[in-house]
Amino acid sequence: MKLSADQLLKELTLEEKAGLCSGKDFWTTKAVTRLGLESWMMTDGPHGLRKQIAGEGVGLLDSVPSTCFPSGVGLASTWNRSLIEEVGQALGKESKANQVGVILGPAVNIKRSPLCGRNFEYLSEDPFLAGEMAKHHIRGVQSQGVGASLKHFAVNNQEKLRMTIDAIVDERTLREIYLPAFETAVKGAQPWTVMSSYNRINGVYASENKWLLTQILRQEWGHTGLVVTDWGACNDRVEGIKAGEDFEMPGNGGITDAEILKAVKSGKLALDDLDRAVGRVLKVSLRVLENLDTNAAYDQEAHHVLARRVATESMVLLKNDGGHLPLAGGRVAFIGAFAREPRYQGGGSSHIVPTKLDDAVEQARALPGTEITYAPGYLIHDEAADNTLIAEAVVVAGAAQQAVVFIGLTDPLESEGFDRKHLGIPSGHLALLEAVLKVQKNVVVVLSNGSPVEMPWLDRVPAVLEGYLGGQGWGAAVVNLLFGKANPSGKLAESFPHRLEDTACFLNFPGDGKRVEYREGIFVGYRHHDAARIAPLFPFGHGLSYTEFSYGALTMERLAVSENQPVTATVAVTNSGKVSGAEVVQLYITDLVASVLRPVRELKGFAKVFLAPGETQTVEFTLESRAFAFWSVDEGRWVVETGDFEVAVGSSSRDLRSSAFIKVTSAQAPKRNFDANTTLGSLVDHPVGSIVVQAVLGQFSKAFGNYEPGSATALMMENMMNEMPLRNLVRMSNGRFPPLFLTVLLGVLNGLEPLAALERFIPKRG
Ligand code: BGC
C-alpha cells in the first residue's frame, strides 16, 4: 500500500527526515526504500532538457539529445503566450519520456544590465512581460504531469560573484521590478518548485531569507510547492530550514544531514520546522512519482517543427529601410561562419545537445529561384580578423546581388558564470562587415547574440534581423524570414541602448566585489530611457513586419472607475498591408499626477494578433487595480492614488498609436501618520489640517509683514511656511500655539475626536 505524505512523515525516523532535506547526488532525491519512497530526478533547463549522461568524467555538455528551443530572450520576444505554453508542453513531454520529474526553469530574473552573462536565458527587462510568459511556460510543462522550477528567486541579475554578492535593493524596487515576474508565475501557475538564488539580498542569503521564502512567497503569494536551493546556494542549512528553504541541491554526502540532526537534538532547530520542510519534499515527491511513466515518448520531428515555428516568431526585424526585405531570390551571398554553424544557444547549465540542427545555407539553397554562395569570413572560435577569409568573403559578396552577413557574439563573450565587459561584437566580425560594405550596398545583417550589442555600422546597412539564440530551428527560421516565407513578428523584450553608458545601472554594475547597490531603483530599461529622455538604439517592444498595422481609437469601457472595478480598454487593429502578419499590441499606463516618482509609462497588457491583409480584430484588455498601483513604502501595500491615468496602445514603447484617459478612484484612503515633524504644506488637503494651515498662515503673515508678491522674500516665506514642521508652531509662535495645542492637533489629525484627543492628555482622576 502506498503511504500518503502525512503517513510517511509519521513513519520517518529523525535521521531519515534530515536526509530528505537534500539530494542523493547532483540530480536525484534520496529514497526511503523501507517505506516505498523512491528516488526521482530533476534537471535543467529553461529551453530544452539537459539530462546529463550518467558515468565517470561526464561533463556539462554531455547530455541526452533533446529539442533545443530558442533561449529565454527569444521565447520572450515572441510575446506569444500560447506558443510559450506549447513549448512548455513539449519540455514536459521530453522530461517525461526521460523519466525526469522536474525540469529547472523558467528563469525570470530581470535584465538589469545588458552585460549580465545570463541575459540570454532570462525573459525580459519588464516584469509584466516576464511574468506572463513564465506563467504560460509553467502551465505548459505542468500540464504534462512534470514539475517546473521557477528560478532564480530572487535578484540574481549578474554573474559576477553570483554565489556571494549582496544585492542592496530598496523595497519599492523589489516589489515593482524584481519580484512581480515571480509573483505572477506563482499565483497564476503554481510551480511545483521554486529555486532560490545564490546571492544575498540586503545582507541575507536568498536561501535563508525568511522574508522572501516565507512571508512573501508563501504567505503573500500562496506558494504551496517546494523551495529548492540553486545548485550550491546553501549557506547555513539550519537557518535555511527555519527560513523556508525545504530542499538542498546537490547532495553533499550527508554533511548537512548531520548538521540538521545536531540542531534538532540541541534544540536549535524545532522539529516542527524540520517536519514542515520534509512534508513539502514528500508532497512533491509523491506527485512526481505518481506521474512517472516508463512508457512515455515524444515525437522528435513534431518538436523540431515547433522549434522552427518558435524561432520564426522570436526573431525581431530591427530595421528594413525601403522594404529591403524580404529578398526576392537571385544570387545571394551568405557571408559569415554563423550561416553554417549558427550560434543558436548560450553556454552553461542550459546547454542542450539538439536532436537536429538547421543550416541556413542548406535551407536557402533548397529555395527555387535562388543561388546561394557562401564564405565563412571568420573563424568561429577566433575573435580577431582573419584577412585571408575576409578577402575571400569580399569576392563572394561583390559577385552577388545581395549579401547577408551573419555576425554576433561568440561563446566566450556571453555565458552563464561571467558577465560581458562591453557591448561590442568581435573585431573580426566588424572587420568582415566593413570590408563587405565596401563592395556591396545591398547588405542585410543577421545577428546571433543573447543580449544587446552596439551597432556603429547601422546607418550603412538597410536591413537588420535580430536572430537571437534561436535554438535548433534557427537556420530555417532565418531563411524563411529573409525570403518572405514567413513574416517577422517578434518584438524586443528588452531595450537596445546606443551605448553602455545609457543604461541606468552603468555606474553600479557589478558592484564593488561584495555588494552591488541598485541605486537606479525602479528605473530599469525603458523606464530609465523614458524618464531620462534618452533615445535608445531600438526601444523596448520594437519589431517591424512586412505588412502594416493601423490602430483605431482606444476606447475605455468607463471614463471613471473605482480601483476595485476592473475596466476594459478596447482597440481595433487592422492589417492594412499586403501580406498576412502578426502584431503585438502593447498597452502602457501613465500615472499623470502621483505623490511619488513613477515611470513615464509601464507595460500593463499585450496581445498578439494574427491578421490576413485587410482583416481587422478588436483587442480587449482588462485592467485591474494593480495596473495603476505603485508599492507604497510608507503603507507597506500596493496603492492606487485617486487621479487621472493615460492608457496608450501601440506597436512599441516608443510607437504609441492611440490613447485615452481614465480617472481611477482609490478604494482605500491613504494611511497617514502625522507627527511633530509633519510639514504644514502637507496638510493643505486634510479637512482639519487645512483649517489650521489657514489660521497659522494668517498669524504668520501678520507677524512677518507683507512682501511684494513674487519677490524672492515672499517666495522664501511661502516655502518656509509650507516646509515648516508642526513642532515649530510651538517654538516659533511666541506663545500663540502652546505645546498642548500641538498635542491635541496631532491627536485630531491622527483620527481622534477633539475631546478624546484632549482627554488623552488630561491626567485621570481617582
Ligand atoms: C544554475 C541553475 C541550474 C543549476 C543546475 C546552477 O548553476 O544557476 O540555473 O539549474 O545550476 O544545473
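Position 1 is the first residue of the sequence; numbering continues from there. Each ligand, and each atom within it, is numbered from 1 in the order the structure gives.
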Ring pair (Phe, Tyr, Trp, His ring centres under 6.0 Å) partners of residues 180-211, not counting sequence neighbours, each pair once: Phe153-Phe182
Within 45° cone and under 6.0 Å: Arg81 NZ/CZ vs Phe606 ring: yes
Arg112 charged N/C atom sitting above Phe509 aromatic ring, 6.0 Å / 45°: no
Proximity flag Met249 to ligand 1, non-hydrogen atoms under 4.0 Å: no
Contact with ligand 1 for Glu121, non-hydrogen, under 4.0 angstrom: no
Below 4.0 angstrom from a heavy atom of [X], which ligand 1 atoms are there? Numbered from 1 as shown, please.
X      : answer
Arg118 : 1 (C), 2 (C), 8 (O), 9 (O)
Lys151 : 2 (C), 3 (C), 9 (O), 10 (O)
His152 : 2 (C), 8 (O), 9 (O)
Arg50  : 12 (O)
Arg162 : 7 (O), 8 (O)
Met195 : 10 (O)
Glu416 : 1 (C), 6 (C), 7 (O), 8 (O)
Leu104 : 10 (O)

Shortest reach to atom 4 (C) of ligand 1 by a heavy atom, considering only Asp230, Asn156, Val228: Asp230
Heavy-atom nearest option to atom 3 (C) of ligand 1, drawn from Thr229, Asn109, Ile103, Asp44: Asp44
Trp231-Trp27 aromatic ring centre distance below 6.0 Å: yes
Structural part of Trp27 in contact with ligand 1, heavy atom criterion under 4.0 angstrom: side chain
Asn98 and Glu94: side chain donor to acceptor below 3.5 Å: no
Distance-only side-chain donor-acceptor flag, Ser349 / Arg118, under 3.5 Å: yes
Non-neighbouring partners of Glu341 that pass side chain to side chain contact (heavy atoms under 4.5 Å, CB included), sequence neighbours left out: Ile380
Salt bridge flag under 4.0 Å for residues Glu313 and Lys491: no
Backbone or side-chain N or O of Trp231 under 3.5 Å from ligand 1 N or O: no
Residue pair Phe69 / Pro46, side-chain heavy-atom distance below 4.5 Å: no
Distance from atom 7 (O) of ligand 1 to nearest protein heavy atom, with residue and atom: Tyr198 OH, 2.8 Å
Ser495, Ser451, Ser113 screened by side-chain hydrogen bond (donor to acceptor under 3.5 Å, both in side chains) with Glu125, the one that passes: Ser495
